[in-house]
Amino acid sequence: MNRFAELLDRLAYEPGRNNKLRLITAYFRDTPDPDRGYALAALTGALSFKHAKPGLIRDLIMDRADPVLFGLSYDYVGDLSETVALMWPKAVLAGHNNPPPPSLSEVVVTLRTLGKTDLPKQLARWLDELDETGRWALLKLVTGAMRIGISARLAKTAAAALGDKDPHEIELIWPGLAPPYLDLFAWLEGRGDKPVNRDPAPFRPVMLAHAIEDSDFASLDPADFIAEWKWDGIRVQAVAGRDERGQMQARLYSRTGEDITKSFPDLAPSLRLPGAIDGELLVLREGRVQTFNVLQQRLNRKVVSPKLMKDFPIHLRAYDLLGDDENDLRELPFAERRAHLETFIRKLDDPRIDLSPTVDFDSWEALMAARADPASAGAGEDTEAVEGVMLKRRDAPYLPGRPKGQWWKWKRDPHIIDAVLMYAQRGHGKRSSYYSDYTFGVWTKSEDGEQLVPVGKAYFGFTDEELLQIDRFVRRNTTEKFGPVRHVVHEPDQGLVLEVAFEGLARSPRHKSGVAMRFPRISRLRWDKPPREADRLETLERMLKDVAAN
Amino acid sequence: MRPHDILLPVAAGLCCKPGGFHIDPVRPVERAVITHGHSDHARPGHGAVLATQETLDMMRLRYGDNFARSTQAIRYGEEIRLGDVKVKFHPAGHVLGSAQIAVSCNGLCIVASGDYKDATDPTCTPFEVVPCDVFITEATFGLPVFRHGDAADEVKKLLASVTLFPERAHLVGAYSLGKAQRVIALLREQGYDAPIYLHGAMEEITHYYQSRGVALGELRPVKGVKKADLAGTIALAPPQATSDIWTRRFPDPVTAFASGWMRVRARARQRGIELPLVISDHADWDGLTATIAATGAGEVWVTHGQEDALVHWCKSRGLAARPLDLVGYGDEEESEAVAADEAEG
């Protein structure tokens, strides 16, 4: 447990993805089975036991510490698990044969079967045996509040690195594996065969698109491509297959392979045919695709009420078929897969699943026109949910990851405004010595006259060279420091104008300005523009109205 | 005679009327008795200064030759008479030359311990328990969440990271006086014998430690070294420098900070530290409470830090205790203080 605690501790502070990977891989290399397997399970969220309530932890410390000292300490530290981990009294254990601290395996295996009444005593015993970091990790684990910024994907990638394997290979077999993953580690270390995925409805690693640039078109022939609408929903994979007893199993996966079936019980019955559909999850009302904001009501829900399902009817719009019954279609060219998909959807004949239509075009100009006006190019009333167009090579096989030159996304022109830099904050990791997080604002009339109101925050979009320039500007033009935040000069004649591009706009009572941007980024530095000429809040409000009117 | 007839907190610091001096005064006074060389305790401009030779030397390094009108050096264990009181210096284990000051008058003994720690430190004389009637203690880490553990384990953590990331530089923030030299000595104790790189601001004081016979191995200035050549090295810098433009001369640095504050995660995260090292030159909670008990003092005065918790603990043990509201301590190494509420840790 102490070694795992050290890993969690280090990961909690490490901002860099590659460095996190190396820390996890080093842990897998140095830690024996079955501990490392349970660690992989903990990092991928594959452990299941009843979590302890914070009240239980509080009771444990109250039995052992002066309540005044606990109160002062909790106020200071601000986190219950951490306070208890730090102030847990050193155990006075008789004799020289103190028990060794529990291993991670011991903790996980014990918790799986431990009754509720025995939990406090068992926890106290472990807390006696562990050091500060060990106690912290144990309490985070048992309360189910790890939150150390590690995705399941990252943990699997770190495991793959142990055997120099492609993480996609692990994704493929993952659904058939269970903690402590002895067979997986044996394979990764060259001591055993590759585990076979006996999952009847496994996830297949997804294929992603590159954003197309104007300069790319010159080298591309329209005849080589099929175009579809790019829907503003959630990319999912819907898989169905028969298990050993011949029962149909249906699963819905996120683009990272997370099983999200339970969040969409209304879609599962529609997955009646064995196969694997790549598509977009949308909310449809009376046949019309709703905006992403509407769809959001259905996301990240643990409990799905009948009312929610009725008010936000879920729908799958299919654009690719990766498997048809027992047949793996991924090696086939896209044009052929598309033909299989059309047959499959027709056979399925389900109101909740339909085909994403193709967009006809014979030149890039024609496609550009369609993209600019989806309504008259076939998208009809769903135009609002169209983010742009997708271009897929007719002859492209389905390749995991983001292969070059196969799929392109061509978004509709993003919204652009000119805003004024107001505050800057240091970044993380490689950027920790740079002011790289920017809050920007637009003009509005207030009781005190013209005033800038913050409308968003952006962390990227600029080049390294531009980052240096902004960083220099921030340091030379700081008017006030407040903790990590620097107030940067923003007067009508003094300050820096940022051209900000963003994907969407929504009303937000939580923001002082009343609007919230989706995916804002710095698209250009307007050194040439005085702040007084930056955009006004009214411009954003007009954009909001335009969205509503369409 | 009552204790506060001997020592009384006033605006300038702790005043000993019958002895005619102040201990660690924060304003210029006629006669100052100084516990150790950190800048919040050792200030310039006093008339006469009594301190250990090391503390006097450190003041001279920082403030120049004319930092006081006259100076007098005193050794650990040495006792001298000042006015109606006797003053004796004992090692405090905080930094090189740090001392507790025992003030006795008419059979009543008060110990002003300054900053102290009971943990081992290869760079200074170990702390000594001084039996007394009144013990004046600091409370920098006066909460039971502060337990510092073995500093050697923290240094091992640093070395493990250097092994894991050989292409990155490890940049350790450490206070220039005391902490930096202790970290270097701890690294050497672990068998690390590669050159250790220093920020310019800590070169002079570190060389002073070496001149006093503290073995620190090969040290090099960071200045003038090519970025690529700093890969795989350990460099020490004042805490503030580790989050500034200065760090750009290092290849993808891992930012560490050696401080007792690193025990609390939010503290480390606020400062963007990637590798917190819990190494403190102050006593932790267990050290404070054990020391108070060991002095046998029936009365405890608590100065800078978390006074409330320590006063509460003393009272719950049946000891008379009160906070001394002295202002101006806890921000030693002013030029390095990063947040106003943080003492050197």
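Any value given below was found using the heavy atoms of this structure, including those in side chains, with hydrogens, waters and symmetry copies removed. Below, chain A is the first sequence line, B the second, and so on; all start at residue 1.
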Is it the case that more than 12 heavy atoms not belonging to A/D164 sit under 6.0 Å from its CG atom?
no

Counting only heavy atoms from other residues, nucleotides and ligands, does the tally under 6.0 Å from CG of A/D63 exceed 12?
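Buried by this count: over 12 neighbours within 6.0 Å.
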
Relative to chain A, which of B/H312, B/Q306, B/R265 shows the most heavy atom pairs under 4.5 Å?
B/R265

I'd like to check B/R147 versus A/L86 (side-chain heavy atoms, cut-off strictly below 4.5 Å). Are they in contact?
no

Least distance between heavy atoms, B/L164 atom then A/L23 atom:
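Nearest pair, atom of B/L164 first, then A/L23: CD2-CD2, 3.2 Å.
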
Taking all non-hydrogen atoms of both residues into account, name the closest pair between A/S73 and B/L143 and its distance.
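Reported closest heavy-atom pair: OG-CD2, 3.9 Å.
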
Under 4.5 Å from a heavy atom of chain B, the part of [X] involved:
{"X": "A/D131", "answer": "neither"}
{"X": "A/W88", "answer": "backbone"}
{"X": "A/D9", "answer": "both"}

Measure the [atom1]-[atom2] distance between [X] and [Y] for me, rounded to the nearest 0.5 Å.
{"X": "B/D153", "Y": "A/E6", "atom1": "CG", "atom2": "CD", "answer": "9.0 Å"}
{"X": "A/T133", "Y": "B/R263", "atom1": "OG1", "atom2": "CZ", "answer": "5.5 Å"}
{"X": "A/R10", "Y": "B/K157", "atom1": "CZ", "atom2": "NZ", "answer": "8.5 Å"}
{"X": "B/F165", "Y": "A/N19", "atom1": "CZ", "atom2": "CG", "answer": "4.0 Å"}

Using heavy-atom distances under 4.5 Å, tell me whether [X] contacts chain A through its side chain, its backbone, both, or neither.
{"X": "B/D252", "answer": "side chain"}
{"X": "B/R248", "answer": "side chain"}
{"X": "B/T242", "answer": "neither"}
{"X": "B/V278", "answer": "neither"}
{"X": "B/W285", "answer": "side chain"}

A/R426 side chain to B/S243 backbone, donor-acceptor under 3.5 Å
yes

Go through B/R168 and A/E14 one step at a time and tell me if the salt bridge (Lys or Arg N to Asp or Glu O under 4.0 Å) criterion holds.
CA-CA 13 Å; B/R168 307 174 72 185; A/E14 175 55 63; 3.7 Å; yes

Are A/Y76 and B/F146, when compared by the centres of their aromatic rings, separated by less than 6.0 Å?
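Yes, ring centres under 6.0 Å apart.
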
Salt-bridge test for A/R22 and B/E167: reply yes if a basic N is under 4.0 Å from a carboxylate O, no otherwise.
yes

Greatest number of non-hydrogen atom pairs under 4.5 angstrom with chain B, of A/G71, A/A26, A/P15, falls to A/P15

Given B/T255 and A/Y13, is the side-chain contact (heavy atoms from CB on, under 4.5 Å) satisfied, shown in steps?
CA-CA 10 Å; B/T255 311; A/Y13 293 113; over 6 Å; no

